[in-house]
Trainee: 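Following this message is one structure expressed as structure tokens.
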Amino acid sequence: MSSDASVDPKDTTDGGREYDPEADHAYPDEKLNEILPELLDDPEVTTYLEAQNVNAVTRKGYNDHGTKHIEIVRNRALRLYDLLKRGGVGFNGARQQGLDEADEPVIVALAATLHDIGHIVHRDEHAYYSIPLAADLLDRFLPQFYETPSVVRMKAEVLHAILCHHTEEDPLTHEAGVIRIADALDMERGRSRIPYEKGGRGINTLSSQAISSVALEEGGDVPVLVEIEMINAAGVYQVDNLLKAKMQNSRLENDIRIVAVNTKADDQLVERIEL
């Protein structure tokens, strides 16, 4: 579906919670809408998303890194990508590989879906384990939609974006920057990217319960405004220790504004923070 600059994107995606293939987008979405249903129905992909939670949750006691996390990250990545395109941000990954603009959202969707599959090997350093696993899957999946030269180039861009969701690696493309930030935006109450402390009331546990909502909207002076509602000041730990780190060196620092507001009237330790 072609872009329509007159359409208000916040009327179509509920703050980034669900990708709507029927909505007007600020990018050519026909290729994405062809590939995404096949990706979501792929038995190998769906099994990875279930299996990757075993090490992360069952064995290590971390928060969810399975199907629900991936759904949230993919939807928010596509929402973020749409807003950035609407705001005039130029993406370089697909373009520098000689691919089409229509391949940009496919790269984003594929990387968002596969970025955590390395958890089936180990939670620690999982981004590096995701690379060979995703490479094998892409070798099977992509030839349904691309000729061999484009398969190789698409694979290169998806793997780069997967690797760079890890803060130890700096994104070299805007597509990779989108994945890096979208991963951190799965932070509402109970979905913190910082692990819980079982049975305790430490800052990790408290902060994981402190974020009530995250919404992505047009930013006015910048392409994207991320609005975060906190119910207590512990949410600052989420914003300042995770999201801030993901924003740094993302290539998108100047295009996204983060505003976190403490909405609980009787807790005035922190009323508002802005990145």
Side-chain angles (χ1 to χ4, degrees), residues 1-3 9 12-13 15-21 23-40 42 45 49 69-117 127 130-131 134-135 137-138 141-142 145-146 150-151 153-166 169-186 214 216 223-224 226 246-247 250-252 255-256:
M1 191 170 295
S2 62
S3 64
T12 64
T13 57
R17 291 182 182 275
E18 184 176 357
Y19 172 74
D20 181 1
D24 287 306
H25 297 120
Y27 55 86
D29 61 8
E30 291 84 358
K31 193 77 172 178
L32 174 65
N33 292 337
E34 174 191 3
I35 293 174
L36 187 55
E38 299 297 322
L39 180 69
L40 300 184
D42 187 276
V45 172
L49 301 191
H69 170 59
I70 296 304
E71 177 185 329
I72 291 170
V73 172
R74 182 176 55 246
N75 288 335
R76 291 201 168 148
L78 290 170
R79 168 69 163 166
L80 181 57
Y81 168 71
D82 193 14
L83 289 168
L84 289 165
K85 292 287 285 188
R86 199 173 297 274
V89 175
F91 279 67
N92 66 311
R95 175 175 54 80
Q96 290 173 339
Q97 288 285 5
L99 297 164
D100 295 331
E101 183 183 9
D103 297 319
E104 294 172 359
V106 177
I107 292 167
V108 169
L110 286 168
T113 302
L114 303 177
H115 77 277
D116 270 349
I117 64 174
S130 292
I131 296 302
L137 192 153
L138 292 168
F141 184 79
L142 287 174
F145 309 100
Y146 294 95
S150 294
V151 166
R153 295 179 183 277
M154 286 291 294
K155 178 180 169 183
E157 292 308 305
V158 173
L159 294 180
H160 176 72
I162 289 172
L163 181 65
C164 295
H165 89 273
H166 186 40
E169 307 294 340
D170 290 342
L172 303 180
T173 70
H174 294 86
E175 290 93 330
V178 163
I179 301 303
R180 182 188 184 100
I181 294 170
D183 184 42
L185 291 176
D186 180 13
V214 177
L216 284 70
V224 182
V226 178
K246 292 274 191 172
M247 284 281 291
S250 67
R251 303 180 65 92
L252 298 170
D255 301 310
I256 301 172

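Source: prediction; values computed, not measured.
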Trainee: Within this structure, what is the CG-CG distance for the pair L80 and L252, rounded to the nearest 0.5 Å?
Mentor: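 Reported value, rounded in 0.5 Å steps: 6.5 Å.
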Trainee: Can you see which heavy atom on R79 is nearest to which on L216, and at what distance?
Mentor: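 Heavy atoms only, the tightest pair is NH2-O, 2.6 Å.
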Trainee: Just jot down the side-chain contact (heavy atoms from CB on, under 4.5 Å) partners of L36, sequence neighbours excluded, or say none.
Mentor: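 So L36 forms a side-chain contact (heavy atoms from CB on, under 4.5 Å) with Y19, L32, L39, L40, R74, A109.
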Trainee: Do M154 and L99 come close enough that some side-chain heavy atom pair is under 4.5 Å?
Mentor: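 M154 vs L99: side chains touch.
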Trainee: Restricting to pairs with a member in residues 98-111, which pass salt bridge (Lys or Arg N to Asp or Glu O under 4.0 Å), not counting sequence neighbours?
Mentor: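 Those involving residues 98-111 are K85-E101, K85-E104.
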Trainee: Please find the pair of heavy atoms, one from Q97 and one from A156, that lie closest to each other, and give the distance.
Mentor: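 Between these two residues, the closest heavy atoms are NE2-CB, 3.9 Å.
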Trainee: Distance check, rounded to the nearest 0.5 Å: M247 atom CE versus D255 atom CG?
Mentor: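 M247 CE to D255 CG: 8.5 Å, rounded to 0.5 Å.
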Trainee: For Y146, check ring pair (Phe, Tyr, Trp, His ring centres under 6.0 Å) against everything at least two apart and list the hits.
Mentor: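 Y146: no ring pair (Phe, Tyr, Trp, His ring centres under 6.0 Å) contacts found.
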Trainee: Which pair of non-hydrogen atoms, one from A112 and one from I179, has the smallest distance, and what is that distance?
Mentor: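 Distance-wise, the nearest heavy atoms are N-CD1, 3.7 Å.
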Trainee: Between L142 and L110, is there a side-chain heavy-atom distance shorter than 4.5 Å?
Mentor: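 SC-SC contact between L110 and L142 confirmed.
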Trainee: Does a donor on one side chain and an acceptor on the other come within less than 3.5 Å for D186 and H69?
Mentor: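 Yes, H69 and D186 have a side-chain donor paired with an acceptor closer than 3.5 Å.
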Trainee: Would you check if the distance from the ring center of Y81 to the ring center of F91 is below 6.0 Å?
Mentor: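 Yes: the rings meet the under 6.0 Å criterion.
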Trainee: Does N92 use its side chain to pair, donor to acceptor, with the backbone of L172 at less than 3.5 Å?
Mentor: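 Yes, the answer is positive, given that a donor and an acceptor are paired below the 3.5 Å cut-off.
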Trainee: With rounding to the nearest 0.5 Å, note down the distance linking CG in L137 to OG in S130.
Mentor: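 Between atom CG of L137 and atom OG of S130 there are 11.5 Å.
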Trainee: When you compare the side chain of P223 with that of L83, does any pair of heavy atoms fall below 4.5 Å?
Mentor: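 No, too far: nothing below the 4.5 Å cut-off.
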Trainee: Applying ring pair (Phe, Tyr, Trp, His ring centres under 6.0 Å), can you list everything that pairs with H165, at least two apart in sequence or on another chain?
Mentor: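 Expected list: H115, H126.
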Trainee: Evaluate the criterion side chain to side chain contact (heavy atoms under 4.5 Å, CB included) for residue pair E157 and T173; output intermediate values, then yes/no.
Mentor: CA-CA 8 Å; E157 292 308 305; T173 70; 3.4 Å; yes
Trainee: What closest approach, in Å, do R180 and P171 show between heavy atoms, and which atom pair accounts for it?
Mentor: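 Looks like NH1-CD, 3.3 Å.
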Trainee: If you look only at pairs with a residue in residues 170-179, which of them pass as a salt bridge (Lys or Arg N to Asp or Glu O under 4.0 Å), with sequence neighbours excluded?
Mentor: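 Salt bridge (Lys or Arg N to Asp or Glu O under 4.0 Å) check on residues 170-179 returns no pairs.
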Trainee: What's the spacing between I256 CD1 and I181 CD1 if we round to 0.5 Å?
Mentor: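 Result: 3.5 Å between the selected atoms.
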Trainee: Which heavy-atom pair separates H166 from A127 by the least distance, and what is that distance?
Mentor: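 Minimum heavy-atom separation between H166 and A127: CB-CB, 3.7 Å.
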Trainee: Looking at CG of L138 and NZ of K155, how far apart are the two atoms once the value is rounded to the nearest 0.5 Å?
Mentor: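 Spacing of CG (L138) from NZ (K155) equals 7.5 Å.
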Trainee: Taking ring pair (Phe, Tyr, Trp, His ring centres under 6.0 Å) as the test, write out the residues that go with H160, two or more places apart.
Mentor: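 Not a single residue meets the ring pair (Phe, Tyr, Trp, His ring centres under 6.0 Å) criterion with H160.
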Trainee: Any chance you could measure L185, atom CG, to N75, atom CG, to the nearest 0.5 Å?
Mentor: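 CG of N75 is found 12.0 Å from CG of L185.
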Trainee: Find out whether F145 and V151 are in side-chain contact, i.e. whether some heavy atom of one side chain is under 4.5 Å from a heavy atom of the other.
Mentor: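 The answer is no, as the side chains (C-beta and beyond) never meet within the 4.5 Å cut-off.
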Trainee: Minimum heavy-atom separation for D116 and I70, please, with both atom names.
Mentor: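 Looking at all heavy atoms of both residues, the shortest contact is CB-CD1, 4.3 Å.
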